[in-house]
Amino acid sequence: MTNERNLGAVIFDFNGVLLWDNPLHEEAWRRFSAQLRGTPMSLDEMRTEVHGRTNRDILTYVIGHTPDEAELHELAEGKEGFYRRLALESGDAYHLAPGAVEFLDFLVAHNIPRAIATSSPASNVTFFIEQLNLLRWFDEADIIYDEGRYPGKPAPFIYLEAAGQLGLPPERCVVVEDAIRGIEAAYNAGAGAIVGVSSTTSAADLAALPGVDAVIPDLTRFPRELFGHPQPAQT
């Protein structure tokens with residue numbers, strides 16, 4: 001199959017796509033919200049107020065007002081400190097998602113540009129780079145993260161920035177996302193293709209969203225024919 005849309009790059013959301021760490025984030029938010037407001041976040045709050053959102057958006061919801069920059073930094077680092085401790089306590093269980101290493105190696109071998117566009121803050125990105133050896137596959141400049149400069153997903157800006165960093169218009173990029181807000185952001189950015197990963201959201205809910213080309217359980221099933229390559233045999 002030929003690459004009819006002239007797709008030339010992949011932009012990954014990170015948490016829920018390359019790293020299936022949502023249970024750790026959820027536990028960190030449960031503990032931190034209990035500390036802040038006296039009650040842990042519910043499963044419904046996780047779905048509607050956490051997944052795919054920036055720390056600024058989530059913390060505004062939890063504390064009931066928009067924090068200034070100093071308060072935001074202090075609160076965000078409190079929550080991310082919970083997360084990083086939980087990650088380190090996970091030991092060898094803290095690793096990239098199923099199929100991620102093999103698919104990233106495929107992209108490198110075929111010189112397909114790639115970037116990460118994550119709502120995570122800088123402190124967590126540094127942690128990811130160190131713990132997961134991300135510079136094996138990504139230039140550090142191509143790991144785009146939340147710097148508080150523009151609205152979070154579903155606003156398109158982080159995907160527009162990632163495409164610009166790769167030197168391509170968004171219509172030549174495939175975005176890989178797990179969250180509804182993230183897919184909306186990719187669609188709003190004009191991504192050339194969108195692949196949903198059903199790690200945190202049901203496959204049916206992802207498939208119903210505008211612009212979604214495929215929904216996969218993990219990266220072993222990424223539709224490589226989008227780049228004109230055959231799918232590897234599944235074992």
Side-chain angles (χ1 to χ4, degrees), residues 1-20 52 96-120 125 128-129 132-147 149-150 152-199 206 209-232:
M1 183 179 294
T2 60
N3 182 355
E4 296 174 352
R5 283 180 273 184
N6 195 28
L7 297 167
V10 183
I11 304 174
F12 297 95
D13 176 47
F14 192 70
N15 307 95
V17 174
L18 288 174
L19 178 65
W20 288 7
L96 292 177
V101 169
E102 293 78 8
F103 184 56
L104 291 172
D105 285 345
F106 160 81
L107 295 176
V108 171
H110 292 87
N111 296 311
I112 298 172
R114 55 223 164 263
I116 290 170
T118 176
S119 298
S120 296
V125 169
F128 299 147
I129 289 171
L132 300 166
N133 195 26
L134 295 184
L135 300 187
R136 170 178 165 183
W137 304 283
F138 297 94
D139 289 339
E140 191 163 359
D142 297 335
I143 302 176
I144 312 302
Y145 55 90
D146 176 32
E147 297 182 76
R149 293 184 289 108
Y150 40 65
K153 302 169 184 176
F157 302 109
I158 196 166
Y159 282 121
L160 294 174
E161 181 177 348
Q165 177 63 33
L166 293 176
L168 292 171
E171 59 266 25
R172 291 199 58 207
C173 298
V174 180
V175 169
V176 190
E177 261 283 359
D178 69 301
I180 290 173
R181 281 188 176 86
I183 286 177
E184 291 172 344
Y187 182 76
N188 292 337
I194 301 172
V195 175
V197 179
S198 57
S199 61
L206 294 178
L209 296 171
V212 174
D213 289 79
V215 177
I216 57 177
D218 59 54
L219 290 171
T220 65
R221 304 284 179 160
F222 183 92
R224 299 184 186 190
E225 60 265 25
L226 288 172
F227 294 108
H229 291 273
Q231 286 295 99

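- Applying the side-chain contact (heavy atoms from CB on, under 4.5 Å) test to Ser120 and every residue at least two apart in sequence or in another chain returns Asn15, Thr118, Asn124, Val125, Phe128.
- Atom CD1 of Ile11 and atom CG of Leu160 lie 8.5 Å apart (nearest 0.5 Å).
- Annotation: salt bridge (Lys or Arg N to Asp or Glu O under 4.0 Å) contacts of Asp213 (sequence neighbours excluded): Arg5.
- With sequence neighbours left out, the side-chain contact (heavy atoms from CB on, under 4.5 Å) criterion links Asp105 to Val101, Arg136, Trp137.
- Residues passing the side-chain contact (heavy atoms from CB on, under 4.5 Å) test with Glu171, sequence neighbours excluded: Pro169.
- Using cut-offs of 30° and 60° for the angle between ring planes, the Phe106 and Phe103 rings count as parallel.
- Looking at every heavy atom in both residues, Ser198 comes nearest to Val215 through CB-CG1, 4.2 Å.
- Checking side-chain atoms of Asp218 against main-chain N and O of Thr220 turns up a donor-acceptor pair under 3.5 Å.
- Atom CD of Glu147 sits in a crowded spot, with more than 12 heavy atoms from other residues, nucleotides or ligands closer than 6.0 Å.
- In this structure, CZ on Phe227 lies 5.0 Å from CD1 on Ile112, to the nearest 0.5 angstrom.
- Atom CG of Leu96 and atom CG of Leu132 lie 5.0 Å apart (nearest 0.5 Å).
- Counting only residues at least two apart or in different chains, ring pair (Phe, Tyr, Trp, His ring centres under 6.0 Å) contacts with residues 166-199 are absent.
- Contact detail for Leu166 and Arg114: the closest heavy-atom pair is CD2-O, 3.5 Å.
- The backbone N or O of Phe222 sits less than 3.5 Å from a side-chain atom of Gln231, completing a donor-acceptor pair.
- In this structure Phe12 satisfies the ring pair (Phe, Tyr, Trp, His ring centres under 6.0 Å) test with no other residue, sequence neighbours excluded.
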